[in-house]
Amino acid sequence: MIKPEDQFKKVISHAKEYGYVFQSSEIYDGLSAVYDYAQNGVELKKNIRDYWWKAMVQLNDNIVGLDASIFMHPTTWKASGHVDAFNDPLIDNKDSKKRYRADVLIEDYCAKIEGKINKEVAKAEKRFGDSFNKEEFVSTNPRVVGYQEKINSILTRMGKSLEKEDLVDVKALIEELEIADPLSGSRNWTEVKQFNLMFGTKLGASADSAMDLYLRPETAQGIFVNFLNVQKTGRMKIPFGIAQTGKAFRNEIVARQFIFRMREFEQMEMQFFIKPGTQKEWFKHWKEARLKWHLSLGMGEENYRFHDHEKLAHYADAATDIEFKFPFGFKELEGIHSRTDFDLKQHEEFSGKKLQYFDHEENASYTPYVLETSIGLDRMFLAVFSNSLVEEELDNNTTRTVLKLPAVLAPTKAAILPLLKRDGLPEVAKQIVEDLKWDFNVFYDEKDAVGKRYRRQDANGTPFCITVDHETLENNTVTIRHRDTMEQKRVKIDDLREIIKKEVDVKHWLQKMN
Ligand code: ATP
């Protein structure tokens, strides 16, 4: 068993070694929490984006797309609340000079207590065997109950203090819990301060006429300000949705964990406009629909869970996260928020323009409510990539590294390999590449022994290897090897397209959502 922290290190080094993700500006020692997607990464990322887009826009006749600009009028961010409230509480350690998010320090402290609970559960499970009832144990074992109460009281106090902006109490909590800097062990902390996460920039050439702008911290506002344009020109009837993918920027205080928390990242968001009063049923609908989308990729039901928010953002009347089991534990992958009419009302107020919908059936105008689904493309990439990377023990006591990417998302669908570099085999293999490249990303490789080439493709995530050998010259057949089972079959060259298509076709995968 690989330890989770080692698994995460492996994920990061594998992503680099196989051309998936590089540190940005690496030759200048990199830029913190900014990453570049390399030759394979860009394909995987595009395939995830397409998979989302098809499920959202192509398959729903009441959802349309949009590509709004990154720059928006600065009043947008006043209306949305980001100028005043898009803050994280930060704290510095005076000895190590390291900066932390105060809430994250406290949450990490609670995660440690949760670790103790898990240990108690594992011990009891061993002791009681099959007769073990986890729910009963967790609710009655005095030690576990004590731990849980402690977590609850810490998080409740933190939640209340943050809500009241009582940063003095957040600091007091850190001191009372004797939380030390994870790096230096020092408890010499500064006061807690609010820090706005938006990046500012300027529009215009001269200093006095330049306009202060922000790089958008979320794509959603581009959808809200275009709501009426799309509704009118698309003659959309409520309920309908607008979907968009694009870059967002946040000056994250603590940016660790590779592409989990970046300063420049990409979101895939959909805002669904509904009749006021129907938000509960749509919230339920989108919770289910989004989980089905995730499950269609076959990455294990046990790796997902919902985390319903008790403390709601000022604009929401219900919110949940879909959490995924990353190598560092369950963390938010996607948010589903019932945003009421907050955003449209705010934009109406700040712009002075009406953003209402005329409902012909009701013969009345109203400001629609909004149900949002918001997922980070980079986080989804990390979920897929980390879940797919496995080290397998083989029968002959060797191991192989395989990137078991869902075939629909794999950057390269098939590698075409001549068994030898002579006897006319490369020519036939290249002809197969010429034929297949119109439909799939394929890759030609003739270097090294074929076993070594198979391993390279396994580690690269390529679902199929097609080998051209001497028999091919006699009867136009090749062997096709499946990445996950390593099974090899002899098939006709003419059948290759259909065989590959069957396994990589988006339709084949997305139909699992039904
Ligand atoms: P977190 O609590 O992890 O900071 P959030 O609740 O602020 O996330 P939202 O504002 O709901 O996140 O954004 C929607 C989605 O965008 C998140 O579920 C996540 O997948 C993604 N996301 C948010 N911040 C980042 C980031 N800094 N880097 C990568 N992805 C991000």
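All ligand and atom numbering here is 1-based and tracks the order in the structure.
Proximity of Q267 to ligand 1, defined as any heavy-atom pair under 4.0 Å, is confined to the side chain (atoms from C-beta onward). Contacts with ligand 1 closer than 4.0 Å are made by no heavy atom of D321, backbone or side chain.
Nearest protein neighbour of atom 28 (N) of ligand 1, counting heavy atoms only, is M262 N, 2.9 Å. In terms of protein heavy-atom proximity, atom 21 (C) of ligand 1 is closest to G376 CA, 3.6 Å. The closest protein non-hydrogen atom to atom 19 (C) of ligand 1 is R379 NH1, 3.5 Å.
Between I259 and ligand 1, not a single N/O pair is under 3.5 Å apart. Polar contact with ligand 1: absent for E269 (N/O pair, distance under 3.5 Å). Some N or O of E332 is nearer than 3.5 Å to an N or O of ligand 1, by distance alone. For the pair H337 and ligand 1, the shortest N or O to N or O distance does not fall below 3.5 Å. Between I375 and ligand 1, not a single N/O pair is under 3.5 Å apart.
For the ligand labelled ligand 1, residue D378 lies outside the 4.0 Å heavy-atom shell.
In this model, no donor atom of one side chain and acceptor atom of the other lie less than 3.5 Å apart for Q221 and H82. Counted by atom type alone, D341 and Y366 present zero donor-acceptor pairs between their side chains at under 3.5 Å. E43 and N47 form no side-chain donor-acceptor contact under 3.5 Å, judged by distance and modelled atom types alone. No donor-acceptor contact under 3.5 angstrom links the side chains of S184 and D95, judged on distance only.
Because its NZ or CZ atom is not both nearer than 6.0 Å to the ring centre of F260 and within 45° of the ring axis, K331 does not count as a cation-pi partner of that residue.
Listed by atom number, the atoms of ligand 1 under 4.0 Å from E334 heavy atoms are 18 (O). Within ligand 1, the atoms closer than 4.0 Å to a non-hydrogen atom of E252 are 24 (N), 26 (C), 27 (N), numbered from 1 in the order shown. Every atom of ligand 1 with a heavy atom of R261 under 4.0 Å away is listed here by number and element: 1 (P), 3 (O), 4 (O), 26 (C), 27 (N), 28 (N). The contact set between ligand 1 and S374, taken as ligand atoms under 4.0 Å from a residue heavy atom, comprises 13 (O), 14 (C), 15 (C), 18 (O).
Taking each heavy atom of F265 and D378 in turn, the nearest pair found is CB-OD1, 3.3 Å.
A salt bridge does not link K345 with E349: every distance from a Lys NZ or Arg NE/NH1/NH2 to an Asp or Glu carboxylate oxygen is 4.0 Å or more.
For the salt bridge (charged side-chain N to carboxylate O under 4.0 Å, His left out) criterion with E266, the lone passing option out of K247, R216, R379, R49 is R49.
Considering each of R250, E218, R101, the one bringing a non-hydrogen atom nearest atom 9 (P) of ligand 1 is R250. When the heavy-atom distances from atom 22 (N) of ligand 1 to F324, F265, F260, F381 are ranked, the shortest goes to F265.
The ring of F326 has its center closer than 6.0 angstrom to the ring center of F324.
The closest side-chain heavy-atom distance from V138 to E120 is not below 4.5 Å.
For the pair Y357 (side chain) and K237 (backbone), a donor-acceptor distance under 3.5 Å is absent.
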